Undergrad: 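Attaching a single structure in structure tokens format; questions to follow.
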Amino acid sequence: MDRKQAIRTIKERLNIADIVRRYVELKRNGPRWTAPCPFHQETKPSFSVNEEEGMFYCFGCQASGDVFDFYARINGLEFREALEQLAAEAGVTLDSRNGGRDAGQARRERGVRQQMLRMYELAASHFAQNLTEDCGGECRDYIERRGLSPAIVERFGLGWARREWSALSAVLHRAGFDQRMAVEAGLLGRSDRSGRAYDRFRGRMIFPIRNLSNQIIAFGGRIIADEDEAKYINSADSPIYKKGDQLYGLAQARRGISARGCALLTEGYMDVLTLHQYGYDHAVGVLGTALTPEQIKRLSGFTSSLILLFDGDRAGRKAALRSSEMLLTRGLGCRVVLMPEGEDIDSLLRTAGPEAFEELQRRAPDGLEFCVHVLRELAPREGVEWARNFLTKVEVPELFSPYASRLSQHLGLSEAVLRQGVAELKERSKTNAGQTLLSARARTNMRDREILMYAVRYPHRLEDLRQCGADMVLTSAIARALWEKLEEYGPEEAVYHLDEREKAFWTKCRAGEAPPRDSGDRELDALVKSLDKFYSVSQTSSLLAALRENARSGDFNAERDYLRALQENWERRNGQS
């Protein structure tokens, strides 16, 4: 089937409530199913599934969408991956031709991705083989010194990159792969002086990085001797890998995270391996970057609770504060474990054992308590400023009050004063960022909103809206962009081309607490009357402006015509009202 037909068929064959029920305990509540939201720390069952519409919606964190959105988010997948997996489950065969205007480009991009994935699989086999040969002796010795078991080495596919400049390059060449594509994939580098390709990873222990489809998409490489080089290097961003989107070990940890209901988040490759070695199979790493919103989104599909592991020095505390803030404002819960001075998780587990680590976890403060401890080290004014900025970023409304209460108590500040400060800060810093289409009255007027609500609720009646001139009066760029998508893709396909803000608006109009879509004629009549009134007011304004302009010229006949038109317009408006 082509994509459009496949999507429709999958929805017919797979009930969204049945899919959601695999991950969440649903309870019937009238015409809907409800549950605690799996995507944020929950204080009440604000997650709702509407079987009739085939949509889900959370009134807390505003997560929303259809069965594809839910499946992709809960499993940390891209839409394409969710489509392929649900198609297999529903017994739907997808059309590989991917017809449309960009079919040729899509085929080329898919071909490049497949080539790169095959190159990475070959490179991983090459590195793993190196580890077993004479050249890998120094790496095997290092692995033994670090106490990693053969099971961990095999599970994570560890390897060794030879010290030669073109060992991997020769392997790829013999397999028929293009050097230019290998450079683009981040496996090879290219000399600025000679233009020749060379192995990017040389003399390093190799850590394969897998996506959630268990495909190798990148490598990390660590030196194992005292050499004048960077301790770690990573694959560059490529068509199959973006560093800030991925987490090391997530493919191996996903089952452990689901079973335990939380994830351990640490910084380094070796920390992740050591944690898994000691039975903490829910540990993942941030790939040497600061925690990113994309990584948080990927993790939130598996759990709403995290344990952060950071060094106890100033840099570690600063990173823990930033990470806690990002998680808490997005509705996720976290606790913060700081390593004792001079220790990391590897040395702690090997010298003091798991019992010491368990004790650290038991004593670990929750994220907000940790933030408060850090604030106490700041000047009082800086602490209040941080608290106000933090509260302005809270994305889950139901969490605002408990956060505000705890912060005001710890800061020794009246909660009313703190809330007033937050309100003033929001008022001063109102911009387009973070506003949703649903609540953006500052950016789009109520007329735009009414038109779009009808267009989303009854997308097959766009022609009726055109006939009454609705599309001509849309004033905001946001409204026009959504209208154009409805026109271009049609009522069934449009939802798959919306951004997150537009999709939230779509879901709010069609699911959640939206009324049944069974009064299209009556709603259209009301909208037409509203538009007629708008046109009449606009015409009156234009005629009055013309009269003022005409007064300068003294054209009596023109003035009489303008007055007659004003009279007719006034009578028409009164007749309608």
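All heavy atoms count here, side chains included; hydrogens, waters and symmetry mates do not. The model shown is predicted, which means the values in this text are computed figures rather than measured ones.
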Undergrad: Distance under 6.0 Å and angle within 45° of the ring axis: does Arg204 meet both against Trp160?
TA: no
Undergrad: For Arg180, does the CZ atom sit with more than 12 other heavy atoms under 6.0 Å from it, leaving out its own atoms?
TA: no
Undergrad: For Phe219 and Phe201, which heavy atoms make the closest approach, and how far apart are they?
TA: O-CZ, 3.6 Å
Undergrad: Working to the nearest 0.5 angstrom, can you tell me the gap between Glu343 CD and Leu348 CG?
TA: 5.5 Å
Undergrad: Could you verify whether a donor N or O on one side chain and an acceptor N or O on the other, from Glu51 and Asn15, lie under 3.5 Å apart?
TA: yes
Undergrad: Apply side chain to side chain contact (heavy atoms under 4.5 Å, CB included) to the pair Phe127 and Leu168, showing each step before the final yes or no.
TA: CA-CA 9 Å; Phe127 292 140; Leu168 176 59; 3.8 Å; yes
Undergrad: For Leu187 and Ala123, which heavy atoms make the closest approach, and how far apart are they?
TA: CD2-CB, 4.1 Å
Undergrad: Which heavy-atom pair separates Arg13 from Gly91 by the least distance, and what is that distance?
TA: NH1-O, 3.3 Å
Undergrad: Given side chains that start at C-beta, do those of Leu299 and Val284 come closer than 4.5 Å, heavy atoms only?
TA: yes
Undergrad: Could you tell me whether the side chain of Ser238 and the main chain of Glu184 form a donor-acceptor pair under 3.5 Å?
TA: no
Undergrad: Ignoring hydrogens and geometry beyond distance, is a side-chain donor-acceptor pair present between Arg222 and Tyr142 at under 3.5 Å?
TA: yes
Undergrad: Assign the ring pair Trp165 / Tyr198 to parallel, tilted or perpendicular, where the plane angle (0 to 90°) is split at 30° and 60°.
TA: perpendicular
Undergrad: Before accepting this row, confirm whether a basic side-chain N of the pair Lys11/Asp66 lies closer than 4.0 Å to the acidic partner's carboxylate O.
TA: yes
Undergrad: Look at Arg298 together with Asp245 and state whether they make a salt bridge at an N to O cut-off of under 4.0 Å.
TA: no
Undergrad: May I ask you to check whether Gln179 and Ser169 show a side-chain donor-acceptor distance below 3.5 Å?
TA: yes
Undergrad: Identify each donor-acceptor pair in which a side-chain atom of residues 306-318 lies under 3.5 Å from a protein atom, sequence neighbours left out, and give them as a table.
TA:
unit_1, atom_1, unit_2, atom_2, d
Asp313, OD1, Ala315, N, 3.4
Asp313, OD1, Gly316, N, 2.7
Arg317, NH2, Glu377, OE2, 2.7

Undergrad: Does a donor on one side chain and an acceptor on the other come within less than 3.5 Å for Arg155 and His276?
TA: yes
Undergrad: So that I know where these two stand, are Phe79 and Phe68 an aromatic pair - ring centroids less than 6.0 Å apart?
TA: yes
Undergrad: Does Phe156 offer a backbone N or O that forms a donor-acceptor pair with the side chain of Gln252 under 3.5 Å?
TA: no
Undergrad: Could you state the interatomic distance from CD1 (Ile19) to CZ (Phe70), rounded to the nearest 0.5 Å?
TA: 9.0 Å
Undergrad: Measure the CZ-CD1 distance between Arg113 and Ile217 for me, rounded to the nearest 0.5 Å.
TA: 8.5 Å
Undergrad: Donor-acceptor pair, Arg163 side chain versus Cys135 backbone, under 3.5 Å?
TA: no
Undergrad: Starting from the C-alpha separation in whole Å, work towards a yes-or-no answer on side chain to side chain contact (heavy atoms under 4.5 Å, CB included) for Ile216 and Ile209.
TA: CA-CA 6 Å; Ile216 298 173; Ile209 300 166; over 6 Å; no
Undergrad: Look at Glu325 together with Arg322 and state whether they make a salt bridge at an N to O cut-off of under 4.0 Å.
TA: no
Undergrad: Could you please spell out the steps behind the side-chain hydrogen bond (donor to acceptor under 3.5 Å, both in side chains) verdict for Gln115 and Arg118?
TA: CA-CA 5 Å; Gln115 286 275 82; Arg118 285 197 288 269; 2.7 Å; yes
Undergrad: I'd like to know whether the aromatic ring centres of Phe47 and Phe56 sit less than 6.0 Å apart in this structure.
TA: yes
Undergrad: Which pair of non-hydrogen atoms, one from Met119 and one from Ala185, has the smallest distance, and what is that distance?
TA: CE-CB, 4.3 Å
Undergrad: If only atom types and distance count, is the side chain of Glu502 paired as donor or acceptor with the main-chain N or O of Asp499 below 3.5 Å?
TA: yes
Undergrad: Looking at every non-hydrogen atom in both residues, tell me the closest pair between Ala236 and Arg200 and how far apart they are.
TA: N-NH1, 3.8 Å
Undergrad: Roughly how far apart are Tyr241 OH and Leu287 CG, rounded to 0.5 Å?
TA: 4.5 Å
Undergrad: So that I can tick it off, tell me whether Asp199 and Arg202 are bridged by a salt bridge, with the cut-off set at under 4.0 angstrom between side-chain N and carboxylate O.
TA: no
Undergrad: Output yes when a side-chain donor or acceptor of Gln246 lies under 3.5 Å from a complementary backbone atom of Asn211, and no otherwise.
TA: no
Undergrad: Would you call Glu144 and Arg140 a salt bridge, using N to O less than 4.0 angstrom?
TA: no
Undergrad: Scan Leu275, Leu148, Asp344 and name whichever one has a side-chain contact (heavy atoms from CB on, under 4.5 Å) with Met270.
TA: Leu148
Undergrad: Give the intermediate values and the outcome of side chain to side chain contact (heavy atoms under 4.5 Å, CB included) for residues Phe390 and Leu328.
TA: CA-CA 9 Å; Phe390 170 82; Leu328 293 169; 3.9 Å; yes
Undergrad: Out of Leu407, Val372, Val374, which residue meets the side-chain contact (heavy atoms from CB on, under 4.5 Å) rule with Trp386?
TA: Leu407
Undergrad: Quick one: pull up CG in Leu375 and CZ in Phe370 and give me the separation to the nearest 0.5 Å.
TA: 10.0 Å
Undergrad: Out of curiosity, Tyr57 OH to Ser48 OG, how far, rounded to the nearest 0.5 Å?
TA: 10.0 Å
Undergrad: Are Glu81 and Gln85 linked by a side-chain donor-acceptor pair shorter than 3.5 Å?
TA: no
Undergrad: What heavy-atom pair brings Ala283 and Val272 nearest, and what distance separates the two atoms?
TA: O-CG1, 3.7 Å
Undergrad: Going by distance alone, is a donor N or O of one side chain under 3.5 Å from an acceptor N or O of the other, for Arg8 and Gln5?
TA: no
Undergrad: Should Arg350 and Asp346 be marked as a salt bridge (Lys or Arg N to Asp or Glu O under 4.0 Å) after you check the CA-CA gap, both sets of side-chain angles, and the distance that decides it?
TA: CA-CA 6 Å; Arg350 297 192 191 286; Asp346 182 75; 3.0 Å; yes
Undergrad: Any sub-3.5 Å donor-acceptor pair from Thr292's side-chain atoms to Gly244's backbone N or O?
TA: yes
Undergrad: Distance to the ring centre below 6.0 angstrom and angle to the axis at most 45 degrees; does that hold for Arg73 and Phe39?
TA: yes
Undergrad: Using salt bridge (Lys or Arg N to Asp or Glu O under 4.0 Å), reason through Glu133 and Arg162 one step at a time and then give a plain yes or no.
TA: CA-CA 10 Å; Glu133 297 177 354; Arg162 294 171 180 262; 2.6 Å; yes
Undergrad: Taking C-beta and beyond as the side chain, do Ser300 and Arg330 meet within less than 4.5 Å on heavy atoms?
TA: no
Undergrad: Take atom NE2 in His173; do more than 12 heavy atoms of anything else shown fall under 6.0 Å from it?
TA: no
Undergrad: Determine whether Leu264 and Phe357 make a side-chain contact, defined as any pair of heavy atoms from C-beta on separated by less than 4.5 Å.
TA: yes
Undergrad: Using a strict threshold of under 4.0 Å (side-chain N to carboxylate O), is an ion pair present between Glu294 and Lys242?
TA: no
Undergrad: Got a sec: does the CZ of Arg255 have more than 12 other heavy atoms crowding it under 6.0 Å?
TA: no
Undergrad: Does any N or O in the side chain of Ser323 come within less than 3.5 Å of the main-chain N or O of Ala320, such that one atom is a donor and the other an acceptor?
TA: no
Undergrad: Going by atom types alone, do Tyr120 and Ser235 pair a side-chain donor with an acceptor below 3.5 Å?
TA: yes
Undergrad: Quick one about Thr274 and Asp271 (side-chain donor to acceptor, distance below 3.5 Å, no hydrogens or angles considered), yes or no?
TA: no
Undergrad: Any side-chain donor-acceptor pair under 3.5 Å between Asn234 and Tyr269?
TA: yes
Undergrad: Please tell me if the side chains of Arg21 and Trp33 come closer than 4.5 Å, counting only heavy atoms from C-beta onward.
TA: yes
